[in-house]
Amino acid sequence: MTLSQAKEKLEKYGQQHLLKYYDELSEKEKEALLAQIEATDMDVLESCKHKEELVKKGEITPLKAMQLPEIQANQETFTAKGLEAIRAGKVGAVLLAGGMGTRLGSDNPKGMFNVGLTRELYIFECIINNLLDVVHQAQAWVHLFVMTSDKNHDATVKFLTEHDFFGYRADHVHFFTQEMAAATDYQGKIYLEEKGKLSTSPNGNGGWFVSMKNAGLLDMVHSQGIEWMNVFAVDNVLQRIADPCFVGATIQKNCVAGAKVVRKNAPDEKVGVICLEDGRPSIVEYYDLTEELASAKDENGDPAYYFGVILNYLFSVTELERILEKRLPLHIVEKKIPYLNEAGELVKPEAPNGYKYENLVLDMIHQMESCLPFEVEREKEFAPIKNMTGIDSVESARALLQKNGVQL
Ligand code: UTP
């Protein structure tokens, strides 16, 4: 893109300030900045002015979860079915590790955080240990795909390589990077993070399958015969991955997707709940859950919307390919965004100062024809680390790890 083309584009979107330092840049930096301006989708930025309208929901009705008693009664059958699929190489695992982990406040990728007390025990290590349980049970390796972003790719690869993938087979670990999106102030003006660089952040965890495709990994998925993808978050250290019982139950119920869910611990707990939206599976975010829905009861008098998702989903690869071209809704999220101030100095804000533009994996559930909500015991499988202390924190996760016999 030439300078005059860049000016034209920026003028169209009211982003001319991005060239403020252009004349101070080296030739190489100028080129890089123009390329970034060309590649940046600026159409989405307008949306922050009517962000409330973006996430309009359809008619919400309950979706029954498969609950613990039913799972326990069928444990053997489901597990056998899941193990059969794993042994046949039909199940892959996708670790979503492209997030910035801003709430935790560490500069390193979240997976590099050490949760150990008397020894080193990293988040990545916990995740791999959990997956290794299944590898041992099935006596078969599961391909592990790791999504990173431009911001944390090198550090993640280096860390995992240096630690020999914590005992995982190196030829079964595949990295890919997700796309980035511009970050703006509250008026939709893109921040600069360097004089020749727009402020960007990973574009949310919803783009994982598109990014896998862009990285050329789908050929491998096909050649290996992978039919199911278990997608999960980096920050739940009790996460059960490629869980044979979950996989088997989803297959047995003829569903094309499954979602691990936990009973909410309070009506206002900040987790998305699984439901039907206009007759299709969906997830209502906690901030969209009206009083009426939160207090609704099913025919047994139990809360009708009481199963929260824990970012552990199983998707059929055929269905993922069917929806590849479909757009996901945009979520505009308030975050802390490092930026250059008027004096051209980098500021790392203490409080949110603008928006990031993201797609979320939970919206993929609404694009599925069917989804099995599969209940798990939260004390055994849900220890998210979002913050240093308090709710969903290093502290609470440590306590849960210890409760589950993990030595810290
Ligand atoms: P979170 O929603 O907790 O976001 O991610 P985050 O960026 O990690 O943390 P905060 O909000 O800045 O504190 C849930 C999961 O989705 C992944 C994260 O790595 C985590 O596993 N994720 C999130 C991505 O892979 N890419 C993204 O763009 C965002």
Side-chain angles (χ1 to χ4, degrees), residues 41 44 93-113 122-124 126-128 130-131 144-153 155-156 159-160 175-183 199-212 214-215 229-239 241 259-260 270-272 283 285-287 308-313 328 330-338 348-365 382-394 396-397:
D41 176 2
V44 297
V94 184
L95 166 57
L96 302 174
M100 299 283 283
T102 48
R103 283 169 285 175
L104 191 60
S106 158
D107 282 338
N108 283 331
K110 208 185 241 189
M112 284 173 62
F113 193 87
Y122 300 97
I123 292 182
F124 279 137
C126 295
I127 299 266
I128 288 180
N130 297 347
L131 182 53
L144 173 63
F145 300 89
V146 182
M147 183 166 86
T148 59
S149 79
D150 287 352
K151 304 259 178 192
N152 67 13
H153 181 80
T156 303
F159 180 79
L160 285 171
F175 294 96
F176 64 103
T177 46
Q178 66 175 104
E179 270 53 64
M180 304 293 283
S199 191
T200 56
S201 70
N203 67 344
N205 55 28
W208 67 273
F209 195 65
V210 175
S211 301
M212 266 187 84
N214 294 345
M229 291 283 197
N230 182 201
V231 188
F232 61 96
V234 71
D235 46 28
N236 174 7
V237 283
L238 285 181
Q239 190 89 257
I241 306 146
K260 285 204 165 188
K270 290 183 174 172
V271 291
I283 289 154
E285 281 284 36
Y286 65 89
Y287 43 77
V309 288
I310 58 169
L311 221 175
N312 187 318
Y313 304 105
L328 287 169
L330 191 67
H331 292 254
I332 300 185
V333 197
E334 237 188 305
K335 293 259 169 142
K336 294 181 220 167
I337 303 158
K348 287 191 175 178
E350 296 286 320
N353 61 328
Y355 295 131
K356 290 184 176 179
Y357 298 74
E358 300 188 331
N359 294 128
L360 301 181
V361 61
L362 60 86
D363 288 317
M364 292 170 92
I365 291 294
F382 191 41
I385 297 181
K386 301 288 183 193
N387 309 296
M388 276 307 284
T389 54
I391 295 171
D392 295 346
S393 67
V394 176
S396 58

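One-based numbering, in listed order, for ligands and for the atoms of each.
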Q: Only one of Val361, Ile283, Ile365 passes side-chain contact (heavy atoms from CB on, under 4.5 Å) with Val309; say which it is.
A: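 Passing option: Ile283.
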Q: Using the side-chain contact (heavy atoms from CB on, under 4.5 Å) definition, which of the options Val94, Ile127, Leu96 pairs with Phe232?
A: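 Considering Val94, Ile127, Leu96, a side-chain contact (heavy atoms from CB on, under 4.5 Å) with Phe232 is found only for Ile127.
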Q: Of all the heavy-atom pairs spanning Tyr313 and Ala259, show the shortest one and how long it is.
A: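 Of all heavy-atom pairs spanning Tyr313 and Ala259, the closest is CD2-CB, 3.6 Å.
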Q: Counting only nitrogen or oxygen atoms and a 3.5 angstrom limit, does Gly98 reach ligand 1?
A: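 Between Gly98 and ligand 1 (N or O atoms, distance only) the closest approach is under 3.5 Å.
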Q: Using a 6.0 Å cut-off, check whether atom CG of Asp107 has over 12 heavy atoms from anything other than its own residue.
A: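 12 or below, so no.
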Q: Could you pull out the closest heavy-atom pair between Met112 and Tyr122, with the gap in Å?
A: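 Nearest pair, atom of Met112 first, then Tyr122: O-CD2, 3.1 Å.
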Q: Counting non-hydrogen protein atoms only, what is the nearest one to atom 16 (O) of ligand 1? Give residue, atom name and distance.
A: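 Among all protein heavy atoms, the one nearest atom 16 (O) of ligand 1 is Asn205 ND2, 3.1 Å.
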Q: Provide, to 0.1 Å, the distance between atom 12 (O) of ligand 1 and the closest protein heavy atom, together with that atom's residue and name.
A: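 Here the closest protein heavy atom is Thr102 OG1, 2.5 Å.
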Q: Of the protein's non-hydrogen atoms, which lies at the shortest distance from atom 17 (C) of ligand 1, and what is that distance?
A: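 Result for atom 17 (C) of ligand 1: Leu96 O, 3.7 Å.
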Q: Tell me which protein heavy atom sits closest to atom 2 (O) of ligand 1, plus the residue, atom name and distance to 0.1 Å.
A: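 Scanning the protein heavy atoms, the shortest distance from atom 2 (O) of ligand 1 goes to Arg103 NH2, 4.0 Å.
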Q: How close does the nearest protein non-hydrogen atom get to atom 6 (P) of ligand 1, and which residue and atom is it?
A: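 Nearest protein contact, heavy atoms only, for atom 6 (P) of ligand 1 is Gly101 N, 3.5 Å.
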Q: Looking only at distances, please establish whether an N/O atom of ligand 1 is found under 3.5 Å from an N/O atom of Met100.
A: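 Right, the criterion is met.
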Q: Just to be sure I read this right, does ligand 1 sit under 4.0 Å from the backbone of Ala233, its side chain, both, or neither, counting only heavy atoms?
A: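 Both the backbone and the side chain of Ala233 come within reach of ligand 1.
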Q: Run the numbers for me: atoms of ligand 1, each under 4.0 Å from some heavy atom of Val234, listed by number.
A: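 Near Val234, the atoms of ligand 1 are 19 (O), 21 (O).
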Q: With heavy-atom distances below 4.0 Å as the criterion, list the atoms of ligand 1 near Leu311.
A: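 With Leu311 as reference, the close atoms of ligand 1 come out as 14 (C), 15 (C).
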Q: How far is atom 23 (C) of ligand 1 from its nearest protein heavy atom, and which residue and atom name does that atom have?
A: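 Here the nearest protein heavy atom works out to Gly99 CA, 3.6 Å.
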Q: For Asn387 and Asp392, test the side chains for any donor-to-acceptor distance below 3.5 angstrom and give the result as yes or no.
A: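 There is no such pair between these side chains.
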Q: Write out the residue and atom name of the closest protein heavy atom to atom 28 (O) of ligand 1, then the distance separating them to 0.1 Å.
A: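 Result for atom 28 (O) of ligand 1: Gly204 N, 2.8 Å.
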Q: Which protein non-hydrogen atom lies closest to atom 26 (N) of ligand 1, naming both residue and atom, and how far is it?
A: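 Residue, atom and distance for the closest contact: Gln178 OE1, 2.7 Å.
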Q: Mind checking whether Phe159 and Phe124 have parallel, tilted or perpendicular rings, split at 30° and 60°?
A: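 The arrangement is tilted - the two ring planes meet at 30° to 60°.
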Q: Can you tell me how far CG of Asn353 sits from CD of Glu334, rounded to the nearest 0.5 angstrom?
A: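 If we round to the nearest 0.5 Å, Glu334:CD and Asn353:CG are 9.0 Å apart.
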Q: Considering only heavy atoms of Met147, which atoms of ligand 1 have at least one such atom less than 4.0 Å away?
A: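 Reading through ligand 1 atom by atom, the close ones are 25 (O).
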Q: Quick one: CG on Asn214 to CD on Glu179, what's the gap to the nearest 0.5 Å?
A: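 Here the interatomic distance stands at 5.0 Å.
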Q: Of all the heavy-atom pairs spanning Ile310 and Gln239, show the shortest one and how long it is.
A: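 Looks like O-OE1, 4.4 Å.
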Q: Going by the atom numbers of ligand 1, which of them fall below 4.0 Å from some non-hydrogen atom of Lys386?
A: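 Those qualifying, in numeric order: 1 (P), 3 (O), 14 (C).
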